[in-house]
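Here the structure is laid out as structure tokens; the discussion comes afterwards.
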Number of protein chains: 2
Amino acid sequence: MPAGFSSSDKNDLIESERQVQERIGEMNLDVDALAAVSNIFRVASTARYHMEREVLAAHDLSFTAFTVLWVLWIWGEQEARHLAAESGISKGTLTGVARTLERRGLLLRRTHPNDRRLVLLSVSDEAAELMATLFPRFNAEETTITKVLSSKEQQQLANILRKILRGLEVDASSPE
Amino acid sequence: MPAGFSSSDKNDLIESERQVQERIGEMNLDVDALAAVSNIFRVASTARYHMEREVLAAHDLSFTAFTVLWVLWIWGEQEARHLAAESGISKGTLTGVARTLERRGLLLRRTHPNDRRLVLLSVSDEAAELMATLFPRFNAEETTITKVLSSKEQQQLANILRKILRGLEVDASSPE
DNA sequence: CTGGAATCGTTTGGGGTCAAACGATATAGT
DNA sequence: ACTATATCGTTTGACCCCAAACGATTCCAG
């Protein structure tokens, strides 16, 4: 089930789902799966938008650009196709994102010394400094998002999502 | 924390998170929040891609186009700005998506009889038939995704996500 | 060695994405 | 009536997004 952003009324989340079930009740659907998956989409989309506005916009970074920088910052210099997979985008998309970041002086690009097909990407010093201040801000906002949950619920959530992820990664691998 | 698609090795999900924690351990981060939120992004992104490939691609529909159609199909004709909010996209984006769907004969557009600023959008008969066969397929894939979870876990997940959503919707509302 | 196959990152084409500016329309206040 | 003001959907510009085709480079089989 897709996003379905509803809102306006805060307490009609479940009511909305009930309405859906009523209208397509004859169809014999898996309502629990529908509720679980659709809420994943909703939360992810809302949280991403939240992060872009509250943390990233001030530095003129898109969520994807931040992700790419983050992967590079944590794991160090790496080849383009690997960075793309790790960032969850296609290699074609990475070409564009890397170009934007390079133009802004946040990303470094060099050809692999032993294989001229390969491109090695890494963060600039400026980007490293930026991430050192930006990522704690980002994490603080993650805390804001999850603080409505108990510590136990947070770990439950992470565990459940890891289970799903493992199942999903069997066939999917990642965009190519 | 952003997506971080990892993979290759199936069991390094937690190992990966541990590595991250080690490398930025001096920073005093909220590791539980990081794990929970980052996994939401990962799962959502992977699941969305999965749906596009397995269900939507055969009908040449983007995830967003499907979402818009779905909202319209379930809730009936409505004004553009409302549909945009409900679909989780900005009104500007909806203009383009609606144009694409209209061009393909899946969406109907008319001016509100009493207020000529407003545009009323609805699904065509063709789109209604399409959704009647497509949505059960979509839901079946949701089942595939969540079948690694127990029934209890599925409901736990939905409940936890609803909590987060309510917290997020206080300030954010939705894109405008 | 040398030609075919595989693999790399880039380009292309057709969308989706937002914020901000815009023109058209409706609503108030005077 | 008339003139601000508000609100609607659309346009604009810059970016993200993918699959598929592409040229460059490497690898491998004969």
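In what follows, chains carry the letters A, B, and so on, assigned in the order in which the sequence lines appear, proteins first and then strands, with residues in each chain numbered from 1. Computed over heavy atoms, backbone and side chain alike; hydrogens, waters and symmetry mates excluded.
Counting to the nearest Å, the P atom of D/dC16 and the CG atom of A/Leu83 are 13 Å from each other. For the pair A/Leu61 CG and D/dC16 P, the interatomic distance rounds to 9 Å; values are reported in whole Å. In this structure, A/Arg116 places its CZ atom 5 Å from P of D/dT25, rounding to the nearest Å. Atom CG of A/Leu69 is separated from atom C1' of D/dC16 by 15 Å (rounded to the nearest Å). One interatomic measurement links the two molecules: CD of A/Glu102 to P of C/dG9, which rounds to 14 Å at whole-angstrom precision. The interatomic distance linking B/Asp115 (CG) with C/dT27 (P) rounds to 6 Å, in whole Å. When the C1' atom of D/dC8 is taken as reference, atom CG of B/Leu120 falls 12 Å away, rounded to whole Å. Rounded to an integer number of Å, the gap from B/Gln78 CD to D/dG9 P is 11 Å.
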In B/S/- notation (B base, S sugar-phosphate only, - none; protein heavy atoms under 4.0 Å), nucleotides 10-16 of chain C written 5' to 3' is BB---SS
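Expressed to the nearest 0.5 Å, how far CZ of A/Arg42 lies from CD1 of B/Ile164 amounts to 13.0 Å. The CG atom of A/Leu165 sits 11.0 Å away from atom CD1 of B/Ile145, with the distance rounded to the nearest 0.5 Å.
With a 4.5 Å cut-off on side-chain heavy atoms, B/Thr67 and B/Ile89 do not count as touching. Looking at heavy atoms from C-beta onward, A/Thr100 lies in side-chain contact with A/Arg103 at the 4.5 angstrom threshold.
In terms of phosphate contacts, B/Arg117 brings no side-chain nitrogen or oxygen within less than 4.0 Å of OP1 or OP2 of C/dA24.
At least one donor-acceptor pair closer than 3.5 Å links the side chain of B/Ser38 to the backbone N or O of B/Ala35.
Across all non-hydrogen atoms, the minimal contact from A/Trp70 to A/Met131 is CA-CE, 3.6 Å.
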